[in-house]
Undergrad: 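Dumping the structure here so I can ask a few things about it.
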Amino acid sequence: MKLYYAAGACSLAPHIALSEAGIAAKTIPVDLKTHKLPDGSDYYAANPKGYVPMLELDDGTKLTEVAVLLQVIADKKPGTLAPAAGSIERYKLMEWLNFIATELHKGFSPLWAPDTPDLTKERAIAGIKRRLGLIDAQLAKTPFLTGSAFTIADAYLFTIVNWTNFMSMDISEFKHVTAFMKRVAERPAVHAAMKAEGLVK
Ligand SMILES: N[C@@H](CCC(=O)N[C@@H](CS)C(=O)NCC(=O)O)C(=O)O
């Protein structure tokens with residue numbers, strides 16, 4: 001299996017899932033400025049979407065979209081990182097994955113562009129904080145998003161909230177989210193994935 005990634009990008013979520021599941025994969029860095037691979041070839045030729053992550057299975061099948069890759073990885077080790085497919089618990093997990101993908105992950109998009117007007121940035125931050133409020137309320141009840149066990153939804157949440165460190169966004173008002181971030185960062189498999197991407201020592 002191969003994971004195409006960029007350090008600290010949303011591809012960290014499937015990287016964490018692979019690490020948590022103990023699945024060996026070849027990780028291939030993509031330069032998101034040039035869209036080139038380490039051998040100089042064009043990433044668009046491998047993945048017309050041009051973005052990370054992409055997972056290439058051993059039979060050559062290529063899959064994209066964080067929420068899908070996370071489930072592909074979890075389903076390789078049933079009962080560890082996600083409830084069984086078809087169960088109501090799985091749909092609850094998918095509800096979180098979709099919320100993180102569409103409401104949180106993409107909510108950050110205006111903040112990455114250097115030419116985004118300040119008002120648009122302020123609105124984006126307000127939107128992110130509204131979503132973090134909902135997540136904080138959930139994490140006040142349970143240590144992880146769906147209960148007492150770490151799942152792929154937590155890997156995704158951790159990855160996206162970690163971006164607040166890159167842009168010095170103060171989220172200290174969300175006490176349960178900040179405690180969650182610390183708790184997840186201390187997991188050996190999460191630390192290993194972050195170390196592999198050069199994000200921590
Ligand atoms: N819908 C995609 C979005 C992936 C995405 O936003 N990737 C970003 C990094 S976090 C990226 O590669 N951006 C560079 C580009 O679009 O060229 C998913 O859920 O996987």
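Whatever order the structure lists them in is the order used to number ligands and atoms, beginning at 1.
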Undergrad: With a distance cut-off below 6.0 Å to the six-membered ring centre and an angular limit of 45° from the axis, does R183 pair with F144 as a cation-pi contact?
TA: yes

Undergrad: Numbering the atoms of ligand 1 from 1, which are under 4.0 Å from a heavy atom of K106?
TA: 3 (C), 5 (C), 6 (O)

Undergrad: Among all protein heavy atoms, pick out the one at the shortest distance from atom 17 (O) of ligand 1; state its residue, atom name and that distance to 0.1 Å.
TA: H35 NE2, 2.7 Å

Undergrad: Please list the nearest protein heavy atom to atom 18 (C) of ligand 1 with its residue and the distance rounded to 0.1 Å.
TA: E65 OE1, 3.1 Å

Undergrad: Answer with yes or no whether P53 contacts ligand 1, where contact means a heavy atom under 4.0 Å from a ligand atom.
TA: yes

Undergrad: Check T151, T146, D75 against R90 for a side chain to side chain donor-acceptor pair (under 3.5 Å) and give me the one that passes.
TA: D75

Undergrad: Is a salt bridge present between D170 and K129, judged by a nitrogen-to-oxygen distance below 4.0 Å?
TA: no

Undergrad: Tell me whether V190 shares a hydrophobic cluster with Y156, the cluster being built from Ile, Leu, Val, Met, Phe, Trp, Tyr side chains joined at under 4.5 Å.
TA: yes

Undergrad: So between N47, T64, V66, whose heavy atom ends up nearest atom 20 (O) of ligand 1?
TA: V66

Undergrad: Testing the 3.5 Å rule here: is there a donor-acceptor pair between the side chains of H191 and E186?
TA: no

Undergrad: Testing the 3.5 Å rule here: is there a donor-acceptor pair between the side chains of K121 and T116?
TA: no

Undergrad: Scan side-chain atoms only and decide if E56 and Y4 contain a donor-acceptor pair under the 3.5 Å cut-off.
TA: yes

Undergrad: Students should be able to answer this: which protein heavy-atom is nearest to atom 4 (C) of ligand 1, and at what distance?
TA: V52 O, 3.3 Å

Undergrad: Report, in ascending order of atom number, the atoms of ligand 1 lying under 4.0 Å from any heavy atom of C10.
TA: 4 (C), 5 (C), 7 (N), 9 (C), 10 (S)

Undergrad: To the nearest 0.1 Å, how far is atom 11 (C) of ligand 1 from its closest protein heavy atom, and which atom is that?
TA: Y51 CB, 3.4 Å

Undergrad: Of all the heavy atoms in H105, does at least one lie under 4.0 Å from an atom in ligand 1?
TA: yes

Undergrad: Within the 4.0 Å heavy-atom shell around G50, which atoms of ligand 1 are there?
TA: 17 (O)

